[in-house]
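Below, each value reflects all heavy atoms present in this structure, side chains not excepted, and no hydrogens, waters or symmetry copies. The sequence lines fix the lettering, A, B, ..., with proteins before strands; numbering per chain opens at 1.
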Number of protein chains: 2
Amino acid sequence: MILNPRPADAAPAAHDRVYRALRGRIMQGDLPPGEGLTLRGIGSEYEVSMTPAREAVRRLVAEGALTMSSSGRVSTPELSNERIEELAALRALIEVELASRALPRAHMALIERMQTINATIAEAVAHRDAASYIRTNLEFHRTLYLRAQAPAMLAMAETVWLQMGPTMRALYGRLRKTEPPHFHRLIIAALRAGDEPGLRLAVRSDVTQGLRMLAS
Amino acid sequence: MILNPRPADAAPAAHDRVYRALRGRIMQGDLPPGEGLTLRGIGSEYEVSMTPAREAVRRLVAEGALTMSSSGRVSTPELSNERIEELAALRALIEVELASRALPRAHMALIERMQTINATIAEAVAHRDAASYIRTNLEFHRTLYLRAQAPAMLAMAETVWLQMGPTMRALYGRLRKTEPPHFHRLIIAALRAGDEPGLRLAVRSDVTQGLRMLAS
DNA sequence: TGAGCGGATTTGTGATCACAAGCAATCCAT
DNA sequence: ATGGATTGCTTGTGATCACAAATCCGCTCA
C-alpha cells in the first residue's frame, strides 16, 4: 500500500507553490496593508497562468490573509483597530492554551533552541530588520507550540498571524524599538521552572504587547 | 462614492452560490464523514462548470470543511478522537469569550428569541430530526454571539463548527437522546441574571458535552 | 479650476479543452 | 481459483479564450 503517492522530490502543484510563496510574504509582512494584487500579475510573477493564481488567491482570501472587494479585486487587508483588538484577543486565547499544552513536553533541547532563536530576534531588532524580526518571532512561538501536539489549534493560531501580517509590518516599521523582546525571557524562564501560571501570563503579555504599541 | 456596487438582488457569483450550498450542507451534517465529492459531480448538481466548483471546493478545503488527499480527491473529513478533542477545546475557548462579550449587550428581546429557538430545538429532539437539531442548535449559539460584535471571533467559531459538521451528524445520529438541551437553560438563566462566571461555565459545559457522548 | 463624461484598457469570471495520474474492473498465467 | 499485470474510464490540473464589468485616463464644458 502506497502511503504517500507524491514523492517528496516531485514538483509541487503550481497553485500550491504560488500559495506558499504569497502566504510567506504576507505572514512576514512583506506586503503593506492595502496592497492590490491582480491574478494576471501574480501569474506572470510566478510564471503560471491565471488558474493556479486564482486558486492560491481564493485560498488566502478564505483564510483571511487577503480581502476581496465586491467586484473581485483582491488586496492585503487594512485592519480597523477593533479588528486588531479582536485578533490579539484570539492570539491570547489560543496561544496561551497551546503554551500550556506544550509545557509538560518542553525538554531542555527545546528551551535551548528557543533561546537561540531569541538571540536571532535580538539581532534583527538591532539591525532594524522588520521582516526578519517578524519571521523569527513567529518561529519562536511556533517552536514552542509544535510541542503541544495540537495541529488544529496551531493552524488557527497561524491563521491569525496571517491576518495580522501586513499590519504587523506597518506597526513595527513605525516603531523605534531597540530593546530585545522582554517577555520572551519570561516565557523561557517559566518553561525552565515548569511554572504554568507564569507561562500563561508571559505568553499573554507577549502576544498583547502589540496592542500597547497601537494605543500609543 | 458607491459603497456596495453589487445590488442585493443581483445574481450571486456561481462559485459563491455553490460554496454557500455546500457549506450549509456540511455544517448541518447533511454529509456523513468520509463522503467523496468530485468536481464534475458538484458542477452537474449545481449546473455550473468545473471552474466554480473547483473554487468552492478549494475554499472549503482551506477552511477545513473538506479534506483533500495527496492526489487531489476531496471528501468530508473523518476526524480522529484527538482532533475532536482539540476542536471542542477551541469551541470552549472562543465561544466562552464570545458569550462573555455578548453578556453586557444581551437585552430581553435577545433572551426571548433564544428561548424561542430553544423550543424549536426541543421539537427537533422529540422528532429525532438530527439535521434540524444541529442547525437550530447552531442558530441558538450564533444568535448570542452576534451580540458580541466580534466578527473575527465569530468567523473562527463558525469554522470550527464547519469542521465538526459531518462528525456531529454521525454522533447525534447514533445517540438515543430524548431530553432537550439542559445547558441551554443554564445559559439563558445566566444571561437573565447577568451572571458572567455562570455564563462562562454554562457555555463551556454545553460546548464540551459532545465529548462525553464520544467517550461513552 | 474642477466636476462630469466617454471610450480604452484592465481585470475577474466561467467554460472548454488537453493531459497526466489515479483507480477499478478485467483478463491472463500459474 | 487466485494473485498480479493491464487496459480503459474517471478525476484533478492548468492553459486559453470569450465576455462583462469595473477602473482609469483624457477630454470637455461649466
Q: Apply the test salt bridge (charged side-chain N to carboxylate O under 4.0 Å, His left out) to residues Glu55(B) and Arg17(B): give CA-CA distance (whole Å), side-chain angles for both, the deciding distance (0.1 Å), then the verdict.
A: CA-CA 11 Å; Glu55(B) 298 196 21; Arg17(B) 180 171 55 87; over 6 Å; no
(Q) Is there a side-chain contact between Thr51(B) and the phosphate of dG14(C), meaning an N or O under 4.0 Å from OP1 or OP2? (A) no
Q: Would you kindly check whether a donor in the side chain of Arg54(B) faces an acceptor in the base of dG14(D), or vice versa, at under 3.5 angstrom?
A: yes
Q. When you measure from every atom of DNA chain D, which of residues 14-24 of chain A have a heavy atom less than 4.0 Å away?
A. Ala14(A), His15(A)
Q.
Quick check against the 3.5 Å criterion: does Thr76(A) have a side-chain atom that pairs as donor or acceptor with the backbone of Glu35(A)?
A. yes
Q: Kindly indicate, with the supporting measurements, whether the criterion salt bridge (charged side-chain N to carboxylate O under 4.0 Å, His left out) is fulfilled by Glu85(A) and Arg101(B).
A: CA-CA 13 Å; Glu85(A) 187 275 329; Arg101(B) 291 184 178 216; 3.1 Å; yes
Q) How long is the line joining CE of Met50(B) and C1' of dG14(C), in whole Å? A) 12 Å
Q: Write down the distance between CZ (Arg73(A)) and P (dG12(C)), rounded to a whole number of angstrom.
A: 6 Å
Q: Take atom CZ of Arg58(B) and atom P of dG12(D), then tell me their distance rounded to the nearest Å.
A: 10 Å
**Q.** Between Glu95(A) and Trp161(A), a side-chain donor and acceptor under 3.5 Å
**A.** yes
Q.
Is there, by distance only and without an angle test, a donor paired with an acceptor across the side chain of Ser71(B) and the base of dA21(C) below 3.5 Å?
A. no
Q) Would Glu63(B) and Tyr19(B) count as having a side-chain donor-acceptor pair, cut-off 3.5 Å? A) yes
Q) For the pair made of CZ in Arg59(A) and P in dT13(D), what is the distance, rounded to whole Å? A) 11 Å
(Q) Can you confirm whether the side chains of Arg113(A) and Thr143(A) place a donor and an acceptor under 3.5 Å from each other? (A) no
Q) Can you tell me if Ser132(B) uses its side chain to pair, donor with acceptor, with the backbone of Asp129(B) under 3.5 Å? A) no
Q: Could you tell me whether Arg25(B) and Glu45(B) make a salt bridge, using a distance below 4.0 angstrom between a side-chain N and a carboxylate O?
A: yes
**Q.** First of Val74(B) and Ser49(A) reached from the 5' end of DNA chain D, by closest nucleotide
**A.** Val74(B)
Q) Which of residues 32-48 of chain B sit near DNA chain D, with a heavy atom under 4.0 Å from it? A) Leu37(B), Thr38(B), Leu39(B), Arg40(B)
Q. Does a salt bridge link Arg23(B) with Asp16(B), judged by any charged N lying under 4.0 Å from a carboxylate O?
A. no
Q: Between Glu55(A) and Ser69(A), just flag the one whose closest nucleotide in DNA chain D comes earlier from the 5' side.
A: Glu55(A)
